[in-house]
Protein chains: 2
Amino acid sequence: MKVLMVLAHPRRASLTGQAAEAFATAATERGHLIEWADLVAEGFDPVLREADEPDWNDGCKVYSAETRQEMVRVEHNDATVMFFPVYWWSMPAILKGWIDRVWNKGWAYGEHKFPQRRVWMVGIAGTLTDAYRKRGYDSAMQTLLDVGILDYCGVAERRVELLFGSIEGEPYPTEILAAARHLGSAF
Amino acid sequence: MKVLMVLAHPRRASLTGQAAEAFATAATERGHLIEWADLVAEGFDPVLREADEPDWNDGCKVYSAETRQEMVRVEHNDATVMFFPVYWWSMPAILKGWIDRVWNKGWAYGEHKFPQRRVWMVGIAGTLTDAYRKRGYDSAMQTLLDVGILDYCGVAERRVELLFGSIEGEPYPTEILAAARHLGSAF
């Protein structure tokens with residue numbers, strides 16, 4: 001499968017970047033072909049402007065050139081995997097804006113559904129699973145990302161995975177990399 | 001009270017912009033003083049880069065000039081109100097990035113808590129309350145925004161309000177404006 005790896009961290013060498021690399025390496029060993037979309041490095045602009053506002057009366061609106069270019073990049077692949085650090089129990093703005101702009105009406109939902117069958121999201125979380133569970137952040141994230149975005153856009157093979165403890169010291173960072181590798185092997 | 005009105009829509013004349021104006025007018029009649037922060041028009045960059053990454057070993061990190069400028073703008077006011085269109089059961093990237101960058105460690109949480117006692121978030125939702133309730137989007141949003149951001153940052157007088165039906169036709173847009181006015185009078 002051709003896989004678009006969307007990375008949403010300002011440093012490629014970050015733990016998030018390393019986890020994405022571990023995933024990609026394992027997926028490559030399985031025979032998948034990786035194309036990288038390193039959004040911050042590429043200078044992607046996450047601000048949705050008027051040209052990318054959905055038109056509720058026109059299901060075939062032609063969006064901005066940058067948005068259409070991202071749509072083409074998705075269409076050239078069979079699957080998408082997003083790796084991001086969890087900021088405020090959600091994605092960083094750069095990835096939120098990639099969704100806001102590119103996963104647009106008439107292409108990802110509405111007249112047409114998202115053009116790929118398989119999309120995974122992998123969030124690298126700073127703290128531990130108990131801290132998330134205590135406040136219900138984990139299930140709220142599943143509701144908004146898995147149900148609210150992936151299922152809403154008709155993605156059949158979807159998965160939202162959180163890997164916990166990036167700022168909690170060892171053994172967590174090592175475990176995160178191992179889990180990312182494992183996910184890549186299972187892709 | 002001096003109130004920073006943060007607007008996160010590409011068109012000031014949008015329903016979200018009109019609702020923010022209605023809120024501001026009512027709040028002004030109550031004696032509040034409004035300062036506008038129209039993030040898209042001002043060209044705010046929502047991408048968190050290395051200069052704004054929190055340092056987990058240094059609670060007093062000095063962030064980028066643009067981020068510090070936004071912090072000063074908050075500090076010059078007594079309260080903040082954010083008006084935004086709900087994109088994907090969350091804020092648009094421009095506002096998410098304002099939080100990502102400005103509500104940073106050592107200023108909004110950690111060594112210091114957010115410097116204001118009162119912060120409200122008002123989201124203008126496209127569809128109706130039943131559609132949100134059916135999937136649990138409304139309670140997930142309360143968990144992530146009210147508990148996960150405002151309460152986490154020690155905001156004592158906080159409120160996350162969703163006004164529904166912006167794309168459902170009348171009477172909803174009119175009701176949204178009335179509700180925004182009502183919120184402004186109650187601020």
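Heavy atoms only: backbone and side chains are in, while hydrogens, waters and symmetry mates are out. Below, chains carry the letters A, B, ... as their sequence lines are ordered, and counting in each starts from 1. All values reported here derive from a predicted model rather than from experimental measurement.
Formation of a donor-acceptor pair under 3.5 Å by the A:Lys96 side chain with backbone atoms of B:Trp88 is not found in this model.
Under a hydrophobic-cluster definition in which Ile, Leu, Val, Met, Phe, Trp and Tyr are linked whenever side-chain heavy atoms come within less than 4.5 Å, directly or via other members, A:Trp107 and A:Phe44 are assigned to the same cluster. There is no path of hydrophobic side-chain contacts, each under 4.5 Å, that joins A:Val119 to A:Val81. Hydrophobic clustering (ILVMFWY, side-chain heavy atoms < 4.5 Å, transitive): B:Ile124 and B:Ile99 are in distinct clusters. By the rule that hydrophobic residues join a cluster once side-chain heavy atoms approach within less than 4.5 Å of another member, A:Leu95 and A:Leu7 end up as members of separate clusters. Note on A:Val155 and A:Val3: separate hydrophobic clusters, where clusters join Ile, Leu, Val, Met, Phe, Trp and Tyr whose side-chain heavy atoms are under 4.5 Å apart, directly or indirectly.
When heavy atoms are compared at a cutoff of 4.5 Å, A:Arg49 approaches chain B by way of both its backbone and its side chain. Heavy atoms of A:Tyr109 lying under 4.5 Å from chain B belong exclusively to its side chain. For A:Glu53, the part lying under 4.5 angstrom from a heavy atom of chain B is the side chain only. For a residue to count as touching a neighbouring chain, one of its non-hydrogen atoms must lie under 4.5 Å from one of that chain's; by this rule A:Trp89 touches chain B with backbone and side chain alike. Contacts between B:Trp103 and chain A at a heavy-atom distance below 4.5 Å involve backbone atoms as well as side-chain atoms. For A:Leu144, the parts lying under 4.5 angstrom from a heavy atom of chain B are both the backbone and the side chain. Heavy atoms closer than 4.5 Å to chain A are found in the side chain of B:Ile167, but not in its backbone.
More than 12 non-hydrogen atoms from other residues, nucleotides or ligands lie less than 6.0 angstrom from CZ of B:Phe187. Summarising the local packing, CZ of B:Phe114 is surrounded by more than 12 heavy atoms from other residues, nucleotides or ligands at distances under 6.0 Å.
Scanning all heavy atoms of the two residues, the minimum distance from B:Ala93 to A:Pro46 falls at CB-O, 3.4 Å. Scanning all heavy atoms of the two residues, the minimum distance from A:Val147 to B:Arg135 falls at CG1-CD, 4.1 Å.
To the nearest 0.5 angstrom, A:Tyr87 atom OH is 7.0 Å from B:Asp100 atom CG.
Of the listed residues (B:Gln142, B:Arg101, B:Met91, B:Met141), the greatest number of heavy-atom pairs within a distance under 4.5 Å of chain A belongs to B:Met91. Per-residue heavy-atom pair counts under 4.5 Å with chain A were compared for B:Pro92, B:Gly97, B:Gly148, and the maximum is reached by B:Gly148. Considering only heavy-atom pairs separated by less than 4.5 Å from chain B, the leading option among A:Thr143, A:Leu145, A:Ile94, A:Leu39 is A:Thr143.
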